[in-house]
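To start, the structure under review is shown below, and the notes come after it.
All values below were derived from every heavy atom in this structure, side-chain atoms included, with hydrogens, water molecules and symmetry-related copies excluded.
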Amino acid sequence: MVAQRGRHNGAAAHKRTRSPGVPDADNAPTAELPAVAENGSDQQVRARSIPEAAVARLAVYLRVLSAMAEQGATTVSSEELSNSAGVNSAKLRKDLSYLGSYGTRGVGYEVQVLVGQIERTLGLTRQHRVAVVGIGNLGHALANYGGFPGRGFPVEALFDIDPDLIGVPVGGVPVSHLDDIRQVCAERQISIGVIATPPAAAQTVCDRLVAGGVQCILNFAPVVLQVPEHVEVRKVDLAVELQILSFHVARRADAEAAEGPVSGNGAVMRS
């Protein structure tokens, strides 16, 4: 999934050059996010710039920790959490240090405290109302997905252009016409818009969402959207993800072919 920064009047974003002190994505900062005190208070102790890659991992840690909490876990070691999240423990400890959380030697991290710290940092202490535009197969599935409301993302508005869908409830929410995006989003205080339309309609839909006060957009259409500077866009291109997986499969097959066939006892047979 690719992040796209906002752009003024559709102009191309300024090119960023990598400085010697920024070797990888883990050092590329996002906007300033508040660090959270170890006692879990809401007071902003110190503003820290959290790298984009670390923000993505924090979301993974939250999912793992929430599952642990549901199973009754009260504490977790960095090794346990890193194994469950699929990262090394050193990287995990660095990520959690952005929150001001360092754990206790021999005890680890308190699960509920860490959940609260991550939720506050990710802005999940309040609900973000979601609108889905394009109620085809993908949009229909998103509208019916029951996991969004429980995680603070209730779907409050649906839009399409098909007259047979207008007024029909999907997931309990009636579908509105595309022409009503601006008014409905403003009235229902929608903060996140999901675009699941054909590519040709995506930019028009995006413009209407922004006009309705939407600040963040999740874009499934295979196009680059032009948005104002204050709007954040996340692009999900399933075809690109499949092509990346294809690359890894092909590379593995080439490596195995280069090593030669394997005999019945597991030894590599070379000519």
Side-chain angles (χ1 to χ4, degrees), residues 1-16 28 30-32 52 55-56 59 122-124 126-145 148-149 151-241:
M1 189 156 57
V2 178
Q4 175 188 328
R5 294 294 181 187
R7 303 172 183 188
H8 280 302
N9 301 321
H14 294 294
K15 293 183 179 179
R16 293 186 176 90
T30 62
E32 291 288 321
E52 188 82 34
V55 173
L122 295 181
L124 300 177
R126 63 184 180 87
Q127 288 191 334
H128 299 274
R129 297 178 179 179
V130 178
V132 179
V133 186
I135 312 302
N137 291 332
L138 176 59
H140 201 278
L142 293 171
N144 277 300
Y145 178 54
F148 290 147
R151 297 184 180 180
F153 300 94
V155 177
E156 299 282 355
L158 305 174
F159 301 95
D160 204 280
I161 200 170
D162 186 347
D164 292 334
L165 288 174
I166 307 304
V168 177
V170 178
V173 179
V175 177
S176 301
H177 195 278
L178 257 62
D179 292 342
D180 299 327
I181 288 178
R182 178 174 181 173
Q183 178 183 348
V184 172
C185 286
E187 290 176 350
R188 301 180 190 178
Q189 298 181 320
I190 303 297
S191 58
I192 298 177
V194 179
I195 298 178
T197 66
Q203 185 62 57
T204 298
V205 165
C206 174
D207 294 342
R208 294 181 182 182
L209 287 170
V210 172
V214 172
Q215 301 173 356
C216 300
I217 292 173
L218 183 62
N219 178 32
F220 285 91
V223 295
V224 176
L225 299 175
Q226 307 300 321
V227 296
E229 192 68 30
H230 69 279
V231 175
E232 187 77 17
V233 176
R234 300 286 296 184
K235 185 172 184 242
V236 182
D237 193 324
L238 299 180
V240 168
E241 299 300 327

List the steps, then state whether side-chain contact (heavy atoms from CB on, under 4.5 Å) holds for Val231 with Val214. CA-CA 8 Å; Val231 175; Val214 172; over 6 Å; no
Nearest-0.5 Å distance that lies between atom CZ in Phe148 and atom CD1 in Ile192: 9.5 Å
If you look only at pairs with a residue in residues 158-175, which of them pass as a side chain to side chain donor-acceptor pair (under 3.5 Å), with sequence neighbours excluded?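 Of all non-adjacent pairs touching residues 158-175, none passes side chain to side chain donor-acceptor pair (under 3.5 Å).
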Quick test of your reading: applying side chain to side chain donor-acceptor pair (under 3.5 Å), list the pairs with at least one residue in residues 189-204, sequence neighbours left out, ordered by first then second residue. Gln203-Asp207
Residues two or more places apart in sequence or in another chain: which of them pass side-chain contact (heavy atoms from CB on, under 4.5 Å) with [X]?
X: Val168; answer: none
X: Pro174; answer: none
X: Pro199; answer: Pro222, Val223

Using ring-ring contact (aromatic ring centres under 6.0 Å, His included) as the criterion, list what pairs up with His128, not counting sequence neighbours.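 For His128 the ring-ring contact (aromatic ring centres under 6.0 Å, His included) partners, ignoring immediate neighbours, are Phe153.
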Counterpart residues, ring-ring contact (aromatic ring centres under 6.0 Å, His included), relative to Phe220 (two or more places apart):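 Once residues adjacent in sequence are excluded, Phe220 has no partner under the ring-ring contact (aromatic ring centres under 6.0 Å, His included) criterion.
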Taking every heavy atom of Ile190 against every heavy atom of Ala157, the minimum-distance pair comes out as CD1-CB, 4.2 Å
Heavy-atom pair of closest approach, residues Gly193 and Leu209: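 Shortest heavy-atom separation between Gly193 and Leu209 comes out as CA-CD1, 4.2 Å.
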Side-chain polar contacts of residues 132-144 - donor-acceptor pairs under 3.5 angstrom, sequence neighbours left out - could you list them?
{"residue": "His140", "atom": "ND1", "partner": "Asn144", "partner atom": "ND2", "Å": "3.0"}
{"residue": "Asn144", "atom": "OD1", "partner": "Gly171", "partner atom": "N", "Å": "3.3"}
{"residue": "Asn144", "atom": "ND2", "partner": "His140", "partner atom": "O", "Å": "3.1"}

Once salt bridge (Lys or Arg N to Asp or Glu O under 4.0 Å) is applied, do any residues pair with Asp179, and if so which ones, sequence neighbours excluded?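 For Asp179 the salt bridge (Lys or Arg N to Asp or Glu O under 4.0 Å) partners, ignoring immediate neighbours, are Arg208.
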List in chain and number order the residues that pass salt bridge (Lys or Arg N to Asp or Glu O under 4.0 Å) with Arg129, two or more places apart in sequence or in another chain; answer none if no residue qualifies.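 Counting only residues at least two positions away or on another chain, Arg129 forms no salt bridge (Lys or Arg N to Asp or Glu O under 4.0 Å).
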Which salt bridge (Lys or Arg N to Asp or Glu O under 4.0 Å) pairs, counting each pair once, include a residue from residues 181-205, with sequence neighbours left out? none
So, applying side chain to side chain contact (heavy atoms under 4.5 Å, CB included) with Val205, which one of Leu225, Asn219, Ile161, Ile195 is it? Ile195
